[in-house]
Amino acid sequence: MNNIRLRFPPSPTGKFHIGSARTALFSYLYARKMGGTFVLRLEDTDQSRSTKEFEENIMEGMEWLGLNWDEGPIPGTNKYKGDFAPYRQIERFREGLYQPYIDKLFKEDRAYYCYCTPEELEEEKKAQAEKKEAPKYTGKCRECSKEKIEQYEKEGRSKVVRLRLNPEIIKYKDIIKGDIEFDMALYGDPVIVRSDGMPLYNFVVVVDDLTMKITHVIRGEDHISNTPIQIAIYKALGAGVPEFGHLPLTLTPDKKKMSKRFGDISIDKYKKEGYLKEALINFAALLGWSSGTEQEIYSKEELEKVFSLARVQKSNAIFDVERLNWLNGVWIRKLSLDRITAECIPYLKEAKLINDDFDRIYVEKVISLVKERLKILSEVIDLTAYFFKDLVLNPEKLVFRKSTIETTKQGLEDVIILFEDTPMSKWPLNVDEMNNLMNEAKNMHNLSNGDVFWPVRYALSFSEASPSPAELLTVLPKEVSLKRLKAALKSLS
RNA sequence: GGCCCCAUCGUCUAGAGGUCUAGGACGCCACCCUCUCAAGGUGGUAACACGGGUUCGAAUCCCGUUGGGGCUGCCA
């Protein structure tokens with residue numbers, strides 16, 4: 001490993017969703033591509049919104065997707081791996097890791113206490129709005145006299161720490177967006193420590209990235225306007241800045257930032273519905289990145305080799321579930337029968353189609369018939385229920401649209417005769433032999449395909465859309481097939 | 001409102017001045033295959049936001065307009 005270091009710093013205030021997964025993925029891929037280190041850091045300074053449940057949800061989601069971090073929390077423990085532990089900001093705060101940096105800012109007069117009350121600030125803002133000015137903190141407490149401070153302290157006023165911003169132009173070269181510059185005169189001095197003593201995001205993120213030796217900050221473009229403040233803090237601390245790269249956002253279909261509606265698109269929800277991690281990774285990678293070739297299907301391993309930030313799109317991308325569905329189907333078809341069977345079993349169990357002592361061989365045969373018809377794993381329930389139990393037979397549907405009741409009955413009768421004549425020892429025949437047998441039945445009374453194949457298929461599957469009758473016959477036990485065919489025949493008289 | 005980012009088919013995108021009567025993929029439609037569905041095959045639908053420049057030549061460069069998004073918190 002070289003000294004290239006990237007981090008993914010979620011705040012555990014919501015579930016892991018597609019948007020944050022993509023951000024994590026891009027950092028992860030870049031780290032892997034460059035042979036660097038990928039760090040997971042939990043940004044939990046907002047204790048009122050952070051929860052253990054969300055932490056677990058995020059880490060489980062990342063592990064499931066295979067976004068393995070080299071440094072960070074070890075799930076299910078309070079331990080960490082990596083040389084810069086702890087990797088939870090609340091613990092870093094408790095260990096006093098941020099204080100020296102705050103002290104340094106005070107010492108160099110880059111920080112000061114602000115005693116303004118929320119009401120005062122609100123009033124200030126209102127006045128600015130009336131004058132059509134940009135709302136920002138005016139810097140009232142910047143040059144507070146000793147007497148004033150003493151008075152405030154006597155009053156027992158609470159205070160925050162603000163960073164003294166220089167009225168300068170701050171520019172940086174974004175890896176993805178290019179040159180960006182800000183007029184800091186337009187910003188008010190930001191709060192870096194809350195009145196309860198807890199340092200705030202813009203400050204801790206800088207200290208952590210600095211102390212964790214992060215070299216590349218890859219994050220969503222919703223952080224672009226935070227970047228100049230953070231650069232100001234780096235400079236005030238006398239530190240060099242890392243490279244910044246701001247990813248275009250993943251927008252919901254109504255074009256809103258995803259994190260504002262994460263509940264709809266959380267990773268665990270997609271997992272539960274039956275999306276494969278391969279499909280989710282492939283999908284997320286293609287949201288804002290392309291290889292420049294016409295290849296669309298990528299495994300994570302391939303992406304680790306070909307990913308580059310230079311080919312990341314500048315504009316926002318809208319989440320399109322149709323495309324995800326297609327990719328999921330592609331991956332279901334691409335992956336091994338064994339793997340897909342394993343993925344399907346929980347759904348079959350939940351639907352009570354199988355229990356704990358199910359026949360794995362049989363289930364695998366069943367899955368083999370529906371594998372290429374599956375787009376989402378949960379569909380396996382409806383697609384295969386008739387392999388495990390009888391469903392409702394609708395006699396009208398037994399008759400093909402070009403057939404009659406008479407020819408349909410004849411077809412079923414002839415098929416039953418031929419099946420019964422086939423010795424159990426030869427059953428099941430293979431697909432070709434099954435087809436031959438049904439063709440033979442068809443020829444007995446000069447029937448058409450629809451007189452034989454359709455009713456057999458419907459009788460066996462109780463469905464108008466299913467695998468071919470020959471395939472069904474090779475998988476269903478002979479006695480079940482015969483029973484269903486006879487029941488179908490009977491329903492027509 | 002202010003600041004910032006962005007702008008190719010409905011969606012994801014290729015395109016880094018001439019190879020663009022703009023390519024691929026998803027979706028949709030049609031046809032083929034066919035007892036059905038799916039898969040597969042073939043074909044089709046559909047875009048350079050607008051206006052000025054620069055240039056012999058612009059989807060590509062510049063400016064403006066419009067549109068979209070983000071930020072504007074003692075959230076991250």
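Just so it is clear: chains get the letters A, B, ... in the order the sequence lines come, proteins before strands, and each one is counted from 1.
Ion pair A:Lys334/A:Glu278 not flagged as a salt bridge, since none of the NZ, NE, NH1 or NH2 atoms sits closer than 4.0 Å to an Asp/Glu carboxylate oxygen. A salt bridge is absent between A:Asp254 and A:Lys256: the closest approach of a Lys/Arg side-chain nitrogen to an acidic carboxylate oxygen does not fall below 4.0 angstrom. A salt bridge does not link A:Lys409 to A:Glu413: none of the charged nitrogens lies less than 4.0 Å from a carboxylate oxygen.
Looking at heavy-atom distances under 4.0 Å, A:Glu43 makes contact with sugar-phosphate atoms alone, never a base. Residue A:His223 is in base contact, counting any heavy-atom pair closer than 4.0 Å across all strands shown. Contacts of A:Glu464 with the nucleic acid, taken as non-hydrogen atoms under 4.0 Å apart, include base atoms. Among the heavy atoms of the strands, none lies under 4.0 Å from A:Asp451. Residue-level contact check: A:Ser290 touches the backbone only, with heavy atoms under 4.0 Å from sugar-phosphate atoms and none from bases. Heavy atoms of A:Ser403 sit nowhere under 4.0 angstrom from any nucleic acid atom. Among the protein residues, A:Lys402 comes within range of no part of the nucleic acid, since none of its heavy atoms lies under 4.0 Å from any strand. Across all strands, A:Glu296 comes closer than 4.0 Å to base atoms (heavy-atom distances). A:Gly288 comes within contact range of the sugar-phosphate backbone alone, with a heavy-atom separation under 4.0 Å but no base atom that close. Using a 4.0 Å heavy-atom criterion, one finds that A:Phe400 contacts the sugar-phosphate atoms exclusively. The residue A:Pro9 sits apart from the nucleic acid: no heavy atom pair falls under 4.0 Å.
Residue A:Trp454 places none of its side-chain N or O atoms closer than 4.0 Å to OP1 or OP2 of B:C35. The phosphate of B:C74 has neither OP1 nor OP2 within less than 4.0 Å of any side-chain N or O from A:Ser195. Side-chain nitrogen and oxygen atoms of A:Lys256 include at least one within less than 4.0 Å of the OP1 or OP2 phosphate oxygen of B:G69. At B:C75, none of the side-chain N or O atoms of A:Thr13 fall inside 4.0 Å of OP1 or OP2 (strictly under the cut-off). For A:Gln313, a side-chain nitrogen or oxygen approaches OP1 or OP2 of B:A14 to under 4.0 Å. For B:G15, the OP1/OP2 oxygens have a side-chain nitrogen or oxygen of A:Arg311 closer than 4.0 Å. An OP1 or OP2 oxygen of B:U72 is reached within less than 4.0 angstrom by no side-chain nitrogen or oxygen of A:Lys125. For A:Arg333, no side-chain nitrogen or oxygen approaches OP1 or OP2 of B:A38 to under 4.0 Å. In this model, the phosphate group of B:G70 is not approached by any side-chain N or O of A:Lys255 to a distance below 4.0 Å at OP1 or OP2. In this model, the phosphate group of B:C75 is approached by a side-chain N or O of A:Arg194 to a distance below 4.0 Å at OP1 or OP2.
Of the listed nucleotides (B:C74, B:C35, B:A39), B:C35 has the atom at the smallest distance from the side chain of A:Asn449. Side-chain proximity of A:Pro135 to B:C35, B:A76, B:G1: nearest is B:G1. Of the candidates B:A76, B:G24, B:U36, B:G24 carries the atom nearest the A:Glu294 side chain, counting heavy atoms from C-beta on. Closest to the side chain of A:Ile318, out of B:C74, B:U11, B:C26, is B:U11. Distance from the side chain of A:Phe182 is smallest for B:C3 among the nucleotides B:A7, B:C3, B:C12. Listed nucleotides: B:U34, B:A76, B:C12. Nearest to the side chain of A:Ser11: B:A76. Closest approach to the A:Ala465 side chain among B:G10, B:U36, B:A38 is made by B:U36 (side chain taken as heavy atoms from C-beta onward). Closest contact between the side chain of A:Glu322 and the listed nucleotides B:C26, B:C12, B:C35 involves B:C26.
The CG atom of A:Leu249 sits 11 Å away from the P atom of B:G69 (whole-angstrom rounding). When the C1' atom of B:A76 is taken as reference, atom CG of A:Leu200 falls 9 Å away, rounded to whole Å. Summarising the geometry, the separation between CG on A:Leu287 and P on B:A14 is reported as 12 Å, rounded to the nearest angstrom. Per the geometry, NZ belonging to A:Lys371 stands 14 Å off P belonging to B:A39, to the nearest Å. Taking atom CG on A:Asn325 and atom P on B:C12, their separation rounds to 16 Å, with Å as the unit.
Side-chain contact check for A:Glu153 and A:Tyr115: at least one donor-acceptor pair (N or O, by modelled atom type) lies under 3.5 Å. Under 3.5 Å, the side chains of A:Arg92 and A:Thr211 contain a donor-acceptor pair of N or O atoms. Remark: the A:Arg219 side chain and the A:Thr227 side chain contain an N/O donor-acceptor pair separated by less than 3.5 Å. A side-chain donor-acceptor contact under 3.5 Å links A:Tyr112 and A:Asp189.
Between the C1' atoms of B:G53 and B:A47, the separation comes to 24 Å (whole Å). Across B:A22 and B:G17, the matching C1' atoms stand 15 Å from one another, rounded to whole Å. On the P atoms, B:A58 is 41 Å away from B:G40, given to the nearest whole Å. The gap from the P atom of B:C28 to that of B:U66 amounts to 38 Å, rounded to the nearest Å. To the nearest whole angstrom, the two C1' atoms, one in B:C6 and one in B:C48, are 15 Å apart. Distance check on atom P: B:G27 versus B:C33 gives 23 Å, rounded to whole Å.
Ring geometry for A:Phe400 against A:Trp454 counts as tilted: the plane angle lies between 30° and 60°, on a 0 to 90° scale.
Nucleotide B:C31 forms a pair with B:G41, judged by Watson-Crick or G-U wobble geometry with both contacts under 3.5 Å. With a 3.5 Å ceiling on both atom-pair distances, B:C9 lacks any Watson-Crick or G-U wobble partner. Across all strands shown, B:G18 pairs with B:C56; the Watson-Crick or G-U wobble distances both stay below 3.5 Å. The nucleotide B:C3 finds its pairing partner in B:G70, both defining distances of the Watson-Crick or G-U wobble pair being shorter than 3.5 Å. In this structure, B:C75 forms no base pair with any nucleotide, since neither Watson-Crick nor G-U wobble geometry is met with both distances under 3.5 Å.
Looking at A:Asn202, its side chain has no donor and acceptor atom pair within 3.5 Å of the base of B:A76. Evaluation of atom-type donor-acceptor distances gives no pair under 3.5 Å for the side chain of A:Arg323 against the base of B:U11.
In this structure, A:Lys159 and A:Pro455 both approach RNA chain B, and ranking their closest nucleotides by distance from the 5' end singles out A:Pro455. Map A:Ile180 and A:Val191 each onto its nearest nucleotide of RNA chain B; the residue landing nearer the 5' end is A:Ile180.
Atom CD of A:Glu120 has more than 12 neighbouring heavy atoms from other residues, nucleotides or ligands inside a 6.0 Å radius.
Within the 4.5 Å cutoff, the side chain of A:Leu337 has heavy atoms near those of the A:Ile367 side chain.
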